[in-house]
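To keep things clear, I will list the structure first and then write my remarks on it.
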2 protein chains.
Amino acid sequence: MILDSETKAVELPEDHGDELRLWLRLLTCTNLIEGAVRSRLRERFEVTLPRFDLMAQLDRAPEGMTLSDVSKRMMVSNGNVTGLVERLVESGHLDRRTSDSDRRVQVISLTKVGRAEFRKMAAEHETWIADIFSDLTPKDVRELMRLLAKAKGSAQRSATRRTG
Amino acid sequence: MILDSETKAVELPEDHGDELRLWLRLLTCTNLIEGAVRSRLRERFEVTLPRFDLMAQLDRAPEGMTLSDVSKRMMVSNGNVTGLVERLVESGHLDRRTSDSDRRVQVISLTKVGRAEFRKMAAEHETWIADIFSDLTPKDVRELMRLLAKAKGSAQRSATRRTG
DNA sequence: GCCAAATACTTGAAGTCTAAAGAAATCCGG
DNA sequence: CCGGATTTCTTTAGACTTCAAGTATTTGGC
């Protein structure tokens with residue numbers, strides 16, 4: 001057995017328990033925070049997390065974004081964005097117009113009302129996040145940023161290996 | 001202004017941008033991995049992530065779990081678990097029985113088929129996760145585990161402060 | 001024992017999400 | 001400039017999710 005393991009003559013089931021535990025912890029951590037943010041958004045502003053996220057994307061793009069861009073940025077399906085935008089246009093938070101140069105493309109942007117509401121929510125949202133992470137030192141934050149960036153890169157390369 | 005800032009006589013808007021960026025990175029990282037796992041589960045086993053997660057919980061509890069326990073562990077609502085279990089019982093992966101000691105309680109457990117199928121999926125799942133994190137050194141993994149544990153604790157204390 | 005409170009679960013309405021198929025417009029090789 | 005490939009978006013079916021309200025059961029104070 002030791003020989004096998006050293007020579008790699010046969011594939012023994014390797015132990016990947018640590019990676020699995022890391023993944024579960026990452027997931028738990030994210031779900032915990034996501035749940036807190038979700039319920040606070042609902043309580044304080046009666047808005048859902050997906051709507052807030054969509055508005056956050058648009059707040060950074062004053063000239064608007066196409067649905068495809070939003071879809072990529074938010075890492076959700078195209079069809080999902082269609083419905084989400086539908087409801088936000090309906091409620092007066094978003095404007096939507098067909099691109100002049102390409103009639104397939106829909107460009108969406110925040111309305112004045114939408115932007116004002118988002119800014120109010122975002123300011124408070126930022127304090128929630130700060131409170132949630134308040135036990136972390138600045139060094140912890142930097143270190144987490146660094147390691148998560150590395151993990152993200154690793155995951156992306158893994159995805160590339162899979163799909164080509 | 002400097003005086004104000006030092007004496008804390010007035011509340012200036014503090015900069016929590018780092019924490020916000022950390023949260024966004026955490027979310028991106030998790031979504032990326034979750035998406036990869038989701039599509040692989042679908043491709044290889046035609047199973048959804050929530051079903052896999054539920055079976056994973058039950059695999060660790062040979063004697064079964066109550067719906068409430070599952071709900072807490074998975075951090076999802078009770079109503080959600082009801083539907084999820086419904087479909088897995090339907091497909092023959094889960095057994096469900098009413099507790100003898102408390103007729104409000106439903107105890108669910110994996111069927112023989114369900115357990116066998118899960119074990120097969122879990123083995124492969126573990127290799128996916130290992131591949132996704134393969135650029136991380138063992139030290140990176142340990143460090144991430146430590147920092148995420150700290151972040152989790154911080155988030156939990158934050159939630160406690162909010163709800164009492 | 002009785003009854004209010006708490007607990008465990010289900011149901012219902014609305015929203016979010018995916019994958020897959022379809023419609024419309026553009027692109028591009030010939 | 002034609003026609004197939006590609007891109008962008010919508011639609012559809014089915015699953016998942018939350019919250020809130022409702023049902024059944026147990027618990028605990030009296």
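All heavy atoms count here, side chains included; hydrogens, waters and symmetry mates do not. Within every chain, numbering begins at 1; the chains are lettered A, B, ... in the order of the sequence lines, protein sequences first and strands thereafter.
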**OP:** Whole angstrom is fine here: how far is it from CG in Leu41(B) over to P in dT18(C)?
**Re:** 15 Å
**OP:** Verify the contact: side-chain N or O of Arg87(B) to OP1 or OP2 of dC16(D), cut-off strictly under 4.0 Å; return yes or no.
**Re:** yes
**OP:** To the nearest Å, give me how far apart CG (Leu49(A)) and P (dC19(D)) are.
**Re:** 11 Å
Original post:
Of Met74(A) and Glu86(B), whose nearest nucleotide on DNA chain C comes first from the 5' end?
Top reply: Glu86(B)
Original post:
Should Arg96(A) be listed as having a side-chain N or O under 4.0 Å from OP1 or OP2 of dT10(D)?
Top reply: yes
Original post:
Out of dT18(D), dC9(C), dC17(C), which nucleotide sits closest to the side chain of Leu67(B)?
Top reply: dC9(C)
Subject >> Between dT16(C) (P) and Arg38(B) (CZ): distance, integer Å >> reply: 16 Å
Original post:
Between Arg51(B) and dC16(D), does any side-chain N or O lie under 4.0 Å from OP1 or OP2?
Top reply: yes
Original post:
Is the closest side-chain donor-acceptor distance between Gln106(B) and Thr98(B) under 3.5 Å?
Top reply: yes
Original post:
Is a donor on one side and an acceptor on the other found under 3.5 Å between the side chain of Thr30(A) and the backbone of Thr30(B)?
Top reply: no
**OP:** Could you tell me whether the phosphate oxygens of dC9(D), OP1 or OP2, come under 4.0 Å of any side-chain nitrogen or oxygen in Ser68(A)?
**Re:** yes
Original post:
What nucleotide among dT18(D), dC9(C), dC17(C) has an atom nearest to a side-chain atom of Leu84(A)?
Top reply: dC17(C)
Original post:
For Asn80(A) and dT17(D), what is the distance between atoms CG and C1' respectively, to the nearest whole Å?
Top reply: 13 Å
Original post:
Taking the side chain of Val105(A) as its heavy atoms from C-beta onward, which of dT8(D), dT18(C), dT10(C) lies nearest to it?
Top reply: dT8(D)
Original post:
Looking at dC9(D), dT16(C), dC16(D), which one has an atom nearest to any side-chain atom of Thr82(A)?
Top reply: dC9(D)
Subject >> Interatomic distance, Asn31(A) CG vs dC16(D) P [rounded to whole Å] >> reply: 16 Å
**OP:** Mark yes or no for whether Ser154(B), through its side chain, and Asp135(A), through its backbone, hold a donor-acceptor pair below 3.5 Å.
**Re:** yes
Original post:
Of all the nucleotides listed (dT25(D), dC16(D), dC9(C)), which has the minimum atom distance to the side chain of Pro50(B)?
Top reply: dC16(D)
Subject >> Polar pair under 3.5 Å, donor/acceptor by atom type, side chain Arg104(B), base dT7(C) >> reply: yes
Subject >> Option from Val107(B), Val105(B), Val85(B) for which side chain to side chain contact (heavy atoms under 4.5 Å, CB included) with Leu67(B) holds >> reply: Val85(B)
Original post:
When you look at CZ of Arg96(B), are more than 12 heavy atoms from neighbouring residues, nucleotides or ligands closer to it than 6.0 Å?
Top reply: yes
Original post:
Side-chain donor-acceptor pair under 3.5 Å between Ser71(B) and Asn78(B), yes or no?
Top reply: yes
Original post:
Gly83(A) or Ser77(B): which one's nearest nucleotide on DNA chain D is closer to the 5' end?
Top reply: Gly83(A)
**OP:** Report which part of the nucleic acid Thr48(A) touches: base, sugar-phosphate, or nothing (heavy-atom distance under 4.0 Å, all strands).
**Re:** sugar-phosphate
Original post:
How do Met75(B) and Asp100(B) order along DNA chain D: which one's closest nucleotide is nearer the 5' end?
Top reply: Met75(B)
Subject >> Distance, rounded to the nearest Å, where Phe52(A) contributes CZ and dT18(D) contributes C1' >> reply: 19 Å
Original post:
Does the side chain of Asn78(B) get closer than 4.0 angstrom to OP1 or OP2 of dC9(C) through an N or O atom?
Top reply: no
Original post:
So what does Asp102(A) touch, heavy atoms closer than 4.0 Å: a base, only the sugar-phosphate, or nothing?
Top reply: sugar-phosphate
Subject >> Atom-pair distance (CD1 on Ile108(B); C1' on dC9(C)), nearest Å >> reply: 12 Å
**OP:** Take the protein atom CD of Glu34(A) and the nucleotide atom C1' of dT17(D), then report the distance between them rounded to whole Å.
**Re:** 11 Å
Original post:
Nearest of dC19(D), dT26(D), dT18(C) to any side-chain atom of Arg103(B)?
Top reply: dT26(D)
